[in-house]
Novice: 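Below are the C-alpha cells for one structure; questions will follow.
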Amino acid sequence: MRGQVVKLDRGYPLVRTDEGRLVRCEHATALVKGERVRAVIGDFVEVDAPEGHDKGIIERICPRSREFVRKDPTERALPQVLAANFDRVLVAQPLSDMNFKRLERELVLAYETGADVAVVLTKADLAESDEAVRSVRARVHDLAGPAAETVVVSAEDPASVEAVRALVPPGTTAVFIGKSGVGKSSLVNLLVGDEVQETAEVREGDGKGRHTTVSREMIRVPNGGYVVDMPGVRGLGLWDADAGIEAAFADVEELAESCRFRDCRHVDEPGCAVRAAVESGELSEARFASYQALRQETVQVKERREEARRMRGEKASTSAKPRGGKARRKKR
C-alpha cells in the first residue's frame, strides 16, 4: 500500500495510507542498510503490512519533488533531509527580537528548496511601536526580495493570522522553520483554532519562549492545506546552497554580472562591480560580508565532500546545475 509520512517521533514514522489509515512503520533493513536512507516528514512511501507484525514496513521511498536539506551537524560531509514534498517554506522570526544574520541563512536554505518562500514576523504585539514594526518589515522585505512575501502576525489581530492561512491554500503543504521560541507552535494553534501544539510560557522581559516542539508532524489547517511545525533547528549548515545564495542575495548576484571577470572573487580584482558598490554605499559592508561568508562555507563543504569521496575510493562528483539557480552570464 502507498501512503505519506505525516509524523516523525520515537524513530518510527507514522504513515497515512491512501485509504486514510494511520500506520506506525519501521524501515525495511534492505532500504537502510549501507545507504542509511530514512523516510522524512512528507515522504510518499510504499508500505508492506506483514501478517503478525505489529508495524508496517516501509519498503520504498518514492522520488521527492522537493527537499529541505542542511549539512548533518553530526557528520563532516553528509546532508540531512528534514522534510520533503512541500510547496512553501515559512521562515518565522520574532519581530521584536530579529536576528538578521540567521534570517539570511534561513532564506538561503529556503530558496535552495525551489519552493515558494515567505517570512512570517511573529509577536508583533511585543514591538515598541508601529514605527518599529514598519521599519523591521521594510528591512526584511529588502533582505528577502520581492519574490518572498512578508507577513506581520499578532495574536491579537485575527486578520494577520488569516494572512498566513492564505499562504497555505487547500492542496498544499507549508514547512515552518525558525529557532526555538519564535512562536511557530503558537501560530499553528491560531491557524488550527485549537491547542494542537504544546507551547511554553513566554518569559517576562524578553518575550522569548522555550523549545516545545519535539516531533515533526503534518497538521491540517481548516479551510487550507497542511503545515509542518519543525522543531527549533539550531544548526543551519549549508549543503548544496549555490542556488539558494543566488536567490537570497539576488542584489549581489546582479551586481556581480557587471564584474569584469566571470570568476571574480570580489576581493581585489580590477573592475569588480560588487566591491565598487560596497565602496559607494550602494551595498552594505555587512550584507557583502554575509554573502562572502556563505559562499566560502559552500566551497568548504564541497571540498570536504570530495575529500570524503576520495577516502572512500570513489570518483570525484560532477558539478550539476544548481536547483532553481540561474546560470551566470559569460563576460565579453
Side-chain angles (χ1 to χ4, degrees), residues 1-10 12-25 38-47 56 58 61-70 80-93 106 109-120 122 148-149 151 153 155 158 160-178 180 182-199 212-233:
M1 57 185 169
R2 189 173 184 271
Q4 186 176 27
V5 177
V6 295
K7 188 173 184 179
L8 279 178
D9 59 3
R10 295 176 293 171
Y12 295 107
L14 184 66
V15 174
R16 183 178 60 236
T17 70
D18 290 347
E19 293 77 29
R21 292 174 52 206
L22 292 175
V23 181
R24 183 69 67 179
C25 296
R38 297 289 190 278
V40 301
I41 192 75
D43 263 328
F44 292 99
V45 295
E46 293 181 2
V47 176
I58 296 177
I61 300 172
C62 300
R64 295 162 175 162
S65 63
R66 191 166 283 125
E67 297 175 330
F68 188 92
V69 185
R70 68 169 178 178
Q80 182 184 40
V81 181
L82 300 181
N85 303 318
F86 47 89
D87 304 281
R88 188 185 297 272
V89 179
L90 302 177
V91 182
Q93 281 262 0
E106 289 171 334
L109 289 167
Y111 278 123
E112 181 63 29
T113 68
D116 293 330
V117 177
V119 180
V120 179
T122 62
E149 188 168 348
V151 180
V153 180
S160 68
V161 177
E162 291 305 309
V164 178
R165 189 191 306 275
L167 296 174
V168 195
T172 69
T173 299
V175 174
F176 261 115
I177 67 169
S180 298
V182 302
K184 302 189 304 297
S185 297
S186 296
L187 180 54
V188 170
N189 288 338
L190 289 171
L191 289 170
V192 175
D194 196 7
E195 296 293 318
V196 295
Q197 293 290 81
E198 181 184 356
T199 59
T212 51
T213 305
V214 295
S215 64
R216 299 184 186 118
E217 181 178 4
M218 292 180 62
I219 300 170
R220 181 67 180 268
V221 176
N223 302 316
Y226 289 89
V227 293
V228 178
D229 182 6
M230 302 281 282
V233 180

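Heavy-atom basis, side chains included; hydrogens, waters and symmetry copies ignored.
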Novice: Go through it in stages, so that I can follow the logic: the residues are Met218 and Ile41, the test is side chain to side chain contact (heavy atoms under 4.5 Å, CB included), and I'd like the CA-CA distance, side-chain angles, deciding distance and then a yes or no.
Specialist: CA-CA 7 Å; Met218 292 180 62; Ile41 192 75; 3.9 Å; yes
Novice: Quick one: OG on Ser65 to CG on Asp87, what's the gap to the nearest 0.5 Å?
Specialist: 7.5 Å
Novice: Would you say the side chain of Leu82 lies within less than 4.5 Å of the side chain of Arg216, judging by non-hydrogen atoms?
Specialist: yes
Novice: To the nearest 0.5 Å, what is the distance between CD on Glu106 and OH on Tyr111?
Specialist: 12.5 Å
Novice: Do Val120 and Thr122 pass the side chain to side chain contact (heavy atoms under 4.5 Å, CB included) test, and can you show the C-alpha distance, the side-chain angles, and the key distance before you say yes or no?
Specialist: CA-CA 6 Å; Val120 179; Thr122 62; 4.2 Å; yes
Novice: To check you understand the geometry: which heavy-atom pair defines the closest contact between Val5 and Val40, and what is its length?
Specialist: CB-O, 3.5 Å
Novice: Verify, without hydrogens or angle tests, whether Lys184 (side chain) and Ala92 (backbone) share a donor-acceptor contact under 3.5 angstrom.
Specialist: no
Novice: Is any side-chain heavy atom of Phe68 closer than 4.5 Å to a side-chain heavy atom of Ile177?
Specialist: yes
Novice: Can you list everything that forms a salt bridge (charged side-chain N to carboxylate O under 4.0 Å, His left out) with Arg24? Sequence neighbours excluded, please.
Specialist: Asp9
Novice: Can you measure from CD (Gln4) to OH (Tyr226) and round to the nearest 0.5 angstrom?
Specialist: 8.0 Å
Novice: In Å and rounded to the nearest 0.5 Å, what is the CZ to OG1 distance from Arg66 to Thr173?
Specialist: 10.5 Å
Novice: Quick one, Thr17 with Val47, criterion side chain to side chain contact (heavy atoms under 4.5 Å, CB included). Give me CA distance, side-chain angles, the key distance, then yes/no.
Specialist: CA-CA 9 Å; Thr17 70; Val47 176; over 6 Å; no
Novice: Would you give the length of the straight line joining atom OG of Ser185 to atom CG of Leu190, rounded to the nearest 0.5 angstrom?
Specialist: 11.0 Å
Novice: For the pair Arg165 and Val221, evaluate side chain to side chain contact (heavy atoms under 4.5 Å, CB included) and give the outcome as yes or no after the intermediate values.
Specialist: CA-CA 8 Å; Arg165 189 191 306 275; Val221 176; 3.4 Å; yes
Novice: Heavy atoms, side chains only, cut-off 4.5 Å: are Arg64 and Asp43 in contact?
Specialist: yes
Novice: Are side-chain heavy atoms of Phe176 and Ile219 found at a separation under 4.5 Å?
Specialist: no
Novice: Compare every heavy atom of Leu167 with every heavy atom of Ala118, then report the nearest pair and how far apart it is.
Specialist: CB-CD1, 3.8 Å
Novice: Does some side-chain heavy atom of Leu22 sit less than 4.5 Å from a side-chain heavy atom of Val6?
Specialist: yes
Novice: Once rounded to the nearest 0.5 Å, what's the spacing between atom CG of Leu191 and atom CG of Asn223?
Specialist: 11.5 Å
Novice: Quick check: closest heavy atoms across Ile61 and Ile58, and the distance to 0.1 Å?
Specialist: CG1-CG2, 4.4 Å
Novice: Which heavy-atom pair separates Val151 from Ser160 by the least distance, and what is that distance?
Specialist: CG1-O, 4.1 Å
Novice: Counting only N and O atoms by type, is there a donor-acceptor contact under 3.5 Å from the side chain of Asn85 to the main-chain atoms of Gly42?
Specialist: yes
Novice: Above 12 or not: heavy atoms from other molecules or residues under 6.0 Å from CZ of Arg21?
Specialist: no
Novice: Restricting to non-hydrogen atoms, name the atom on Val15 and the atom on Cys25 that form the minimum distance, rounded to 0.1 Å.
Specialist: CG2-SG, 3.7 Å
